[in-house]
Amino acid sequence: MTYTTAIFYFFAAILVFAGMRVVTARNPVHAALFLVLAFFTAAGLWILLEAEFLAITLVLVYVGAVMVLFLFVVMMLDIKLDKLREGFWDYLPLAGFVSVLLVIEMALILGSRHFGLEVMGTPAPHPADYSNTKELGRLLYTDYVYAFELAAVILLVAIVAAIALTLRRRKDSKYIDPAAQSRVKRNDRLRIVKMQAEKGPGARGQGSGEEGA
Amino acid sequence: MESVGMDWAAIQTVAWTLIKILALVVPLMLGVAYLTYAERKVIGWMQVRIGPNRVGFQGLLQPIADAVKLLMKEIIIPAGASRGLFILGPILAIAPALAAWAVIPFTDTLVLANIDAGLLYVLAVTSMGVYGVIIAGWASNSKYAFLGAMRSAAQIVSYEIAMGFALVGVLMASQSLNLVDIVQGQTGGLHQWYIWPLFPLFVVYLIAGVAETNRAPFDVAEGESEIVAGFHVEYSGMAFAVFFLAEYANMILVSALTTLMFLGGWLSPVTFLPDGIVWWLAKTGFVLFLFLWFRATFPRYRYDQIMRLGWKVFIPITLIWIVVVGAMMQTPYGHLFH
């Protein structure tokens, strides 16, 4: 067993364990953290495949941003897992059907004689200065530019739709207009009243204070 | 016999890597220790105080005394805390802060790992630092700590986008993700540094860097006056100190990255002086001084203002400037943007 194979099995074992714990952990926050571990380990596996751009992006996007928001939501909500699990046995047949389908699909790909190691072969390792990122960018913006732009538009529409569906303008909420705040002048809020200082025996404080000193 | 030779080579590689890691981490930790001293002194002078001056000559041994004090203290784990995660929190805070240093070049040859996607690696690793804060806040089982964690999560996600876009501008100008190449794209003196063509991105990156490291005026995750100490309110002793180590290591990291990407790294500002690590240290020190200066000058931002600044000011600025840079590169003036 070579060093790379040992690392692969190490990462794969962690990935499978983390994946299992995501669905079995009783605490939703623990489950989300195991998902973080799974993403991170998957990124390690991708590095082994020389896909360093995708691996780093996986960490950057999913671990660094998506899962932070996920955790944010999971921590805020009061999730009763026992209540969620009430329908477990009802949904089991459907879930089992989907799982079996997934396994069959994977077996079709991995086990068939059209996709085995003999047919595809190991791709030649690239030299150290090979830029994965540049190659990916070139492909995305030349050969697959329409598909790429289409995906971008769909994402944009989804963003706009999500905001449009959830935006509620409350009439009674108070909000601050920073432009109005910074435009404000002293004279708008402050009025200086000039008045004569009071003199004579009626003036309080001053005289008695001096006596005390 | 051959396998023994292989093992020996592998052991040598591991030992050599460990030595290199030590050679990086030990100066970094010393830098962190004396950054706390510099912070107290600088802020002291700005506020017409003396600062620490009792332990050692001019108080120079103060950070050592602080470290010893924190090491001797007991680490208390609250009864209702999630024990494993409570301990994991500080570890997850410091690990990315140190791991990111693996790709930071000090000169064109003095770098631990000169990898091709160095900039992307730094961005990805530093984006994981927030887990330390979130996990610590949640595992403490304390409302103040939890509020701090929530604030930190929202703030870091908001500013990471602006920060990432600022870096996109840099890699458009340098046409590379490699940090050594980015610095070498700025060869030729002061006027070649990326700070000039990318000035809006420089400002955004620096301020987003302050926000990402939870430093004043963006330190709402700690917010002493509202939520006591935020996410680390339940931590004591060395566990507490590790959060501080992480914060200061991140400060030095952001300063170093600002230096590399906008201020020419180890390159000399004038062509008749030689390049060298001295410039790197001087520029990073200057950016660090800005961090301390900010803290001494500005009051803490209100939370909604932080969110507005991140989403409604910084992200539009970076988006517009990326388009400007991209358009300018197609014109005859493209050489100004490299």
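Only heavy atoms go into these numbers, but all of them, side chains included; no hydrogens, no water, no symmetry mates. In what follows, chains carry the letters A, B, and so on, assigned in the order in which the sequence lines appear, proteins first and then strands, with residues in each chain numbered from 1.
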Given the rule in the side chain to side chain contact (heavy atoms under 4.5 Å, CB included) test, do B:Tyr131 and A:Met67 qualify, once you have shown the distances and angles that lead to the verdict?
CA-CA 10 Å; B:Tyr131 281 103; A:Met67 286 313 292; 3.0 Å; yes
Counting only heavy atoms closer than 4.5 Å, note whether A:Leu33 contacts chain B via side chain, backbone, both or neither.
side chain
For A:Val61, is it the side chain, the backbone, both, or neither that has a heavy atom closer than 4.5 Å to a heavy atom of chain B?
neither
Any heavy-atom pair between the side chains of A:His30 and B:Leu85 that's under 4.5 Å?
yes
Is there side-chain contact between A:Val68 and B:Glu160, with heavy atoms separated by less than 4.5 Å?
no
Under 4.5 Å from a heavy atom of chain A, the part of [X] involved:
X        : result
B:Ser82  : side chain
B:Ala149 : neither
B:Leu177 : side chain

Against chain A, work out which of B:Asp304, B:Asn178, B:Val157 has the most heavy-atom pairs shorter than 4.5 Å and name it.
B:Val157
Would you say that more than 12 heavy atoms from the other residues, nucleotides or ligands in this model lie under 6.0 Å from the [atom1] of [X], or not?
X        : atom1 : result
A:Lys134 : NZ    : no
B:Arg302 : CZ    : yes
A:Phe40  : CZ    : no
A:Tyr144 : OH    : no
A:Phe39  : CZ    : yes

Atom pair CE (A:Met76) and CZ (B:Phe146), whose distance is rounded to the nearest 0.5 Å
6.5 Å
About how many Å separate CD1 of A:Ile56 and CG of B:Leu123, when rounded to the nearest 0.5 Å?
10.0 Å
Nearest non-hydrogen partners of A:Gly64 and B:Ser127, listed with the distance
CA-OG, 3.5 Å
Locate the shortest heavy-atom distance separating B:Met150 from A:Phe72; write the atom from each residue and the value.
O-CE1, 3.3 Å
Heavy-atom pairs under 4.5 Å with chain B are the metric here; pick the option from A:Val36, A:Thr57, A:Leu58, A:Val63 that has the most.
A:Val63
